[in-house]
Protein chains: 2
Amino acid sequence: MSGFLSVVGLGPGNPHTLTPEAAAALDNADALYGYGPYLDRVPPKPGQTRHASDNREEGSRAAAALRHAALGAKVALVSGGDPGVFAMAAAVCEQIDGGEAAWRSLDVSVVPGVTAMLAVAARVGAPLGHDFCAMSLSDNLKPWELIERRLAAAAGAGFVIALYNPISRARPWQLGKAFELLRWHLPPSTPVIFGRAIGRPDEKVAVGPLDAVDPSAADMATLIIVGSALTRVVERPGLAPLVYTPRPAHDRARRQHPAPCRR
Amino acid sequence: MSGFLSVVGLGPGNPHTLTPEAAAALDNADALYGYGPYLDRVPPKPGQTRHASDNREEGSRAAAALRHAALGAKVALVSGGDPGVFAMAAAVCEQIDGGEAAWRSLDVSVVPGVTAMLAVAARVGAPLGHDFCAMSLSDNLKPWELIERRLAAAAGAGFVIALYNPISRARPWQLGKAFELLRWHLPPSTPVIFGRAIGRPDEKVAVGPLDAVDPSAADMATLIIVGSALTRVVERPGLAPLVYTPRPAHDRARRQHPAPCRR
């Protein structure tokens, strides 16, 4: 079989953050698949076909790209950020795992990219400077109860938390509920960062304390970073404040909260 | 003040994964600072000075770079992977927070990069395809007890776990102890990935089950990904297996383990 599928990370959306490896994979493709607005970021190339699909059609988009590659085409499936972080790489693996036997023989590669939390973190300093976790706040594919349990576990253990997919028209209350829960575990002054469209003309970054955070300031494309109890804000004259989580850590969370169960 | 400091992520080490933004920041610098082996990855440029330092001198390296920039120089401080993930960005912020007042007026920027866990994940499929966390296993700057508590919290709540700084000559037993602890929380067949030097000539990637994992196969430069109970391995004829964590998740951990304390 001569066809192949590359799952390509576009990074945060500015061409200056697209790796040469990703640019080459896009250039090398006969056909591009992806969510429309991500495809729009790729400059047109004569002879290359484009297959745009809607936001929530990851499974069928992955299957279509695999089917096309299995016919012998060089196919690139584009992802915002990094394909492995709440994006298309898992959807492709799911399809290979459960789909046509021939797809298991296909040459499939994943080209990594700068994921949103790294781009947002870089803009404000180093909020992910110590142990952190990344969670999707979408309860489309997992129960909300599990999301709550993970938020509590992460905040209680002192992880900084990056939240992907924080809000959408179909999920209007979840982000507010998540902040409510996090306020039980973290000091009111814990820095929270909202970042979107990093490096693009409509870039927006805001930093504020957990007790004053406004969920309605987020949209689907916002990446939120909630600091740990150790995350600090450094004010700077005439410049935006720096937000960072120091590398040295002590067990502050244990002193503030009840000890976990022992078996 | 005309000088500035860019903290630049080199990505996993292959020039094809260096973003154009990072390449431009390196090219634009009068002086480069960094850990020797990372500096060696940057092609020499006439007129540009180089200031290499040892691995564990992050604080003094950051201070030296800031001091140089405060004199009016264009300084780039290089980091492997992404500067914000267990790398130099936090060290720079710490120095600004606690150092000379003039450093707060300096133009400091962070240029993100592809961090090791994204590069390793891309090589095997999509093991970070669902909620995950990233931890440094080094107990140089935090107590080992806190690391154990975080490992238990993360595994117990169903996060995939990426381990940075897994082992060193000065920290020989910690990784084995971590696997021992994780075996209490995760099925014996949980996939574990060891990856190092992705995209470089000495690249090495291995996948095996948690119950057969050998800590001595890791070194300082290895990035380890420990799956969740839902992470799957897809065997493929004539190809390396795919490892991925499906996007749909259920609360398997809750069924396997005692419920957490309620206040």
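All figures in this text were calculated on a predicted structure; none of them were measured in a lab. Proteins get letters first, then strands, A, B, ... in listed order; numbering begins at 1 in each. Only heavy atoms go into these numbers, but all of them, side chains included; no hydrogens, no water, no symmetry mates.
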Item to check | Sole candidate of B:Val114, B:Thr115, B:Leu118, B:Leu128 that passes side-chain contact (heavy atoms from CB on, under 4.5 Å) when paired with A:Asp82 | outcome: B:Leu118
Next on the checklist: What I'd like to find out is whether the side chain of A:Lys142 reaches to under 4.5 Å of the side chain of B:Pro248, using heavy atoms alone.
Outcome noted: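 No, too far: nothing below the 4.5 Å cut-off.
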Residue, of [options], that accumulates the most heavy atom pairs under 4.5 Å with chain A:
| options | result |
| --- | --- |
| B:Glu94, B:Arg232, B:Arg236 | B:Glu94 |
| B:Asp97, B:Val85, B:Leu242, B:Val108 | B:Asp97 |
| B:Ala122, B:Gly129, B:Ala126 | B:Ala122 |
| B:Gly113, B:Gly84, B:Cys93 | B:Cys93 |

Select one option (side chain, backbone, both, neither) describing which atoms of [X] are under 4.5 Å from chain A's heavy atoms.
| X | answer |
| --- | --- |
| B:Thr245 | backbone |
| B:Met117 | side chain |
| B:Ala91 | both |

Side-chain donor/acceptor pairs under 3.5 Å, residues 5-16 of chain B, sequence neighbours excluded:
{"from": "B:Asn14", "atom 1": "OD1", "to": "B:His16", "atom 2": "N", "distance (Å)": "2.6"}
{"from": "B:Asn14", "atom 1": "ND2", "to": "B:Gly199", "atom 2": "O", "distance (Å)": "3.0"}

Item to check | Any donor-acceptor pair under 3.5 Å from B:Arg150 side chain to A:Ala157 backbone | outcome: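 Yes, because the side chain of B:Arg150 sits within donor-acceptor range (under 3.5 Å) of the backbone of A:Ala157.
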Next on the checklist: Checking the side chain of A:Arg247 only, and the main-chain atoms of B:Phe86 only, is there a donor and an acceptor separated by less than 3.5 Å?
Outcome noted: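 Not at all, since once roles are kept as given, no pair shorter than 3.5 Å links the two residues.
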Next on the checklist: With chain B as the partner, which of A:Val110, A:Asp131, A:Thr19, A:Leu141 has the greatest number of non-hydrogen pairs under 4.5 Å?
Outcome noted: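 Looking at each of A:Val110, A:Asp131, A:Thr19, A:Leu141 in turn, A:Asp131 comes out on top.
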Item to check | Heavy-atom pairs under 4.5 Å with chain B, option from A:Ala89, A:Ala154, A:Ala134, A:Pro246 with the top count | outcome: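 Maximum pair count with chain B is reached by A:Ala134.
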Checklist entry - What residues of residues 20-28 of chain A sit under 4.5 Å from chain B when you count only heavy atoms? => result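 Under the 4.5 Å heavy-atom cut-off, A:Pro20, A:Glu21 qualify.
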Checklist entry - Under the side chain to side chain contact (heavy atoms under 4.5 Å, CB included) criterion, do B:Met135 and A:His130 qualify, and how do the steps go? => result CA-CA 7 Å; B:Met135 290 183 57; A:His130 204 67; over 6 Å; no
Next on the checklist: Once rounded to the nearest 0.5 Å, what's the spacing between atom CG of B:Leu239 and atom CG of A:Leu106?
Outcome noted: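 Taking CG in B:Leu239 and CG in A:Leu106, the distance rounds to 9.0 Å.
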Item to check | Listed once per pair and sorted, the salt bridge (charged side-chain N to carboxylate O under 4.0 Å, His left out) pairs that draw on residues 2-13 of chain B, sequence neighbours left out | outcome: none
Item to check | A:Tyr35: ring pair (Phe, Tyr, Trp, His ring centres under 6.0 Å) partners, not counting sequence neighbours | outcome: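 Partners of A:Tyr35 by the ring pair (Phe, Tyr, Trp, His ring centres under 6.0 Å) criterion, ordered by chain and then number, come out as A:Tyr38.
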